[in-house]
Enquirer: 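Dropping a structure here in structure tokens format, bear with me for questions.
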Amino acid sequence: MSQVRRFDHVGITVADLDKVMAFFVGLGFEVEGRAFLEGEFVDTVIGIPKSRSEVVTLFLPDGGTRLELSSFVRPDDQPGSPNAMSTELGLRNICFVVD
């Protein structure tokens, strides 16, 4: 079995990209880049045809794992998913060491 060589980034999908980005910038993250992603490759990776997302990558000045925030432009946001509390959906907690 191969070993993990690097933990590159954590990705979080959010409804309000600017608001969440401002929160993390307030914690000391810096913006590395911002872009729109779409196309066949993205559709295949996330399993949503004809999707379009805006993505912001953030980093801490002393290095380490990056934080990727994304927000769907297409398809429209579907708040209140009946599976929102499902343990199958993944990330539920984030922990930071702060001063």
Side-chain angles (χ1 to χ4, degrees):
M1 177 194 300
S2 64
Q3 300 292 314
V4 173
R5 295 177 52 206
R6 183 177 79 196
F7 186 55
D8 187 67
H9 74 280
V10 172
I12 303 172
T13 302
V14 300
D16 189 329
L17 190 59
D18 289 324
K19 183 185 257 184
V20 177
M21 181 179 65
F23 171 78
F24 284 107
V25 167
L27 289 176
F29 282 81
E30 295 180 16
V31 176
E32 180 175 49
R34 188 169 184 157
F36 287 94
L37 300 177
E38 62 185 322
E40 185 178 340
F41 175 77
V42 176
D43 295 350
T44 300
V45 169
I46 65 171
I48 301 174
K50 299 183 183 185
S51 66
R52 178 177 169 88
S53 297
E54 186 172 12
V55 178
V56 173
T57 305
L58 304 166
F59 69 97
L60 289 169
D62 62 354
T65 303
R66 285 172 163 54
L67 178 60
E68 178 185 282
L69 303 174
S70 64
S71 184
F72 281 100
V73 174
R74 191 177 57 231
D76 291 336
D77 183 33
Q78 300 282 325
S81 167
N83 297 321
M85 297 307 292
S86 170
T87 58
E88 297 172 10
L89 293 180
L91 186 64
R92 291 285 180 250
N93 298 292
I94 301 175
C95 180
F96 299 102
V97 175
V98 296
D99 291 331

Enquirer: State the NE2-CG distance between His9 and Leu69, to the nearest 0.5 angstrom.
Expert: 10.5 Å
Enquirer: Once rounded to the nearest 0.5 Å, what's the spacing between atom OG of Ser70 and atom CZ of Phe36?
Expert: 12.0 Å
Enquirer: May I ask whether Val42 and Phe72 are part of the same hydrophobic cluster, defined by side-chain heavy atoms of I, L, V, M, F, W, Y residues being less than 4.5 angstrom apart, directly or through others?
Expert: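 Yes: a chain of side-chain contacts under 4.5 Å links Val42 to Phe72.
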Enquirer: Would you check if Met21 and Val31 make a side-chain contact, meaning some heavy-atom pair closer than 4.5 Å?
Expert: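 Yes. Closest side-chain heavy atoms under 4.5 Å.
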Enquirer: Measure the spacing between OG1 of Thr44 and CD1 of Ile48 and express it to the nearest 0.5 Å.
Expert: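 Here the rounded value is 12.0 Å.
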Enquirer: Please round to the nearest 0.5 Å and tell me the distance separating atom CD of Glu68 and atom CD of Glu32.
Expert: 10.5 Å
Enquirer: Rounded to the nearest 0.5 Å, how far does CZ of Phe24 lie from CD of Glu30?
Expert: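 Here the rounded value is 15.0 Å.
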Enquirer: Would you be so kind as to tabulate the donor-acceptor pairs closer than 3.5 Å made by side chains of residues 52-60, with sequence neighbours excluded?
Expert:
from  : atom 1 : to    : atom 2 : distance (Å)
Arg52 : NH1    : Glu38 : OE2    : 2.3
Glu54 : OE2    : Arg34 : NE     : 2.7
Glu54 : OE2    : Arg34 : NH2    : 3.2

Enquirer: The criterion is side-chain contact (heavy atoms from CB on, under 4.5 Å); which residues satisfy it with Asp43, sequence neighbours excluded?
Expert: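 If we apply the side-chain contact (heavy atoms from CB on, under 4.5 Å) test to Asp43, skipping adjacent residues, the hits are Ser51.
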Enquirer: Given side chain to side chain contact (heavy atoms under 4.5 Å, CB included), test Asp18 with Asp16 step by step and report yes or no.
Expert: CA-CA 6 Å; Asp18 289 324; Asp16 189 329; 4.0 Å; yes
